[in-house]
**Q** 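Please read through the structure below; I'll follow up with questions.
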Amino acid sequence: DGPAMMAFTDGRFVGANLDRNGLRPCRYYVTKDDHVILASEVGVVDHLREDQVVRKGRLEPGKMFLIDFEKGELLDDVVLKKEVAGAAPYAEW
């Protein structure tokens with residue numbers, strides 16, 4: 001049960017999740033030309049200029065990083081979880 005980050009894709013979505021303790025660092029950058037860089041270390045791309053970055057952040061324990069290629073957007077964790085939770089009558093089960 002060591003630090004872990006898991007990345008995944010099915011062709012439509014690409015995402016990442018941390019282990020429950022969040023001990024593995026995971027940072028992301030979104031650039032003006034719609035590139036996304038996700039890595040466990042800062043500075044993995046040494047030619048990335050700050051003026052090209054439109055969004056940056058870090059993945060936190062219990063949070064989901066998910067890009068929908070059909071919609072062309074990085075999905076918000078809260079919105080994503082509400083959408084999944086409302087997809088079926090889980091409370092009735």
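Heads up: numbering here begins at 1 and tracks the sequence.
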**Q** Cut-off 3.5 Å, no hydrogens considered: what does the side-chain donor-acceptor table look like for residues 26-39, sequence neighbours left out?
**A**
from, atom 1, to, atom 2, distance (Å)
T31, OG1, D33, OD1, 2.3
T31, OG1, H35, N, 3.0
T31, OG1, H35, O, 3.4
K32, NZ, D51, O, 3.0
D33, OD1, H35, ND1, 3.0
D33, OD2, H35, ND1, 3.2

**Q** Start with the C-alpha distance between E73 and I67, add both sets of side-chain angles, then the distance that settles side chain to side chain contact (heavy atoms under 4.5 Å, CB included), and finish with yes or no.
**A** CA-CA 6 Å; E73 64 184 14; I67 297 172; over 6 Å; no
**Q** Looking at V45, V44, D46, which one forms a side chain to side chain contact (heavy atoms under 4.5 Å, CB included) with L48?
**A**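 It is V45, the one option of V45, V44, D46 that forms the side chain to side chain contact (heavy atoms under 4.5 Å, CB included) with L48.
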**Q** On a heavy-atom basis, which atom in D77 and which in M64 lie closest, and how many Å separate them?
**A**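 The pair with the smallest heavy-atom distance is OD1-N, 2.7 Å.
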**Q** Can V53 and K56 be said to form a side chain to side chain contact (heavy atoms under 4.5 Å, CB included), step by step?
**A** CA-CA 7 Å; V53 176; K56 64 181 174 179; 4.1 Å; yes
**Q** In a check of side chain to side chain contact (heavy atoms under 4.5 Å, CB included) between K82 and each of V84, V78, V79, L80, which one passes?
**A**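 Testing each of V84, V78, V79, L80 against K82, the sole residue satisfying side chain to side chain contact (heavy atoms under 4.5 Å, CB included) is V78.
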**Q** Enumerate donor-acceptor pairs with a distance under 3.5 Å from any side-chain N or O in residues 3-16 to protein atoms, sequence neighbours excluded.
**A**
from, atom 1, to, atom 2, distance (Å)
T9, OG1, G11, N, 3.2
T9, OG1, F13, O, 2.6
D10, OD1, R12, N, 2.9
D10, OD1, F13, N, 2.8
R12, NE, D68, OD1, 3.1
R12, NH2, D68, OD2, 2.8

**Q** Can you name the closest pair of heavy atoms from K63 and L59 and give their distance?
**A**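 That would be O-CD1, 3.4 Å.
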**Q** When rounded to the nearest 0.5 angstrom, what distance separates CG in L66 from NZ in K81?
**A**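 Rounded to the nearest 0.5 Å, the CG-NZ separation comes out at 11.5 Å.
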**Q** Please examine the side chains of F65 and L75, heavy atoms only from C-beta on, and report whether any two atoms are closer than 4.5 Å.
**A**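 L75 does not reach F65 side chain to side chain.
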**Q** Kindly give the heavy-atom pair with the smallest separation between A88 and W93, and that separation in Å.
**A**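 Taking A88 first and W93 second, the nearest heavy atoms are CB-CH2, 3.8 Å.
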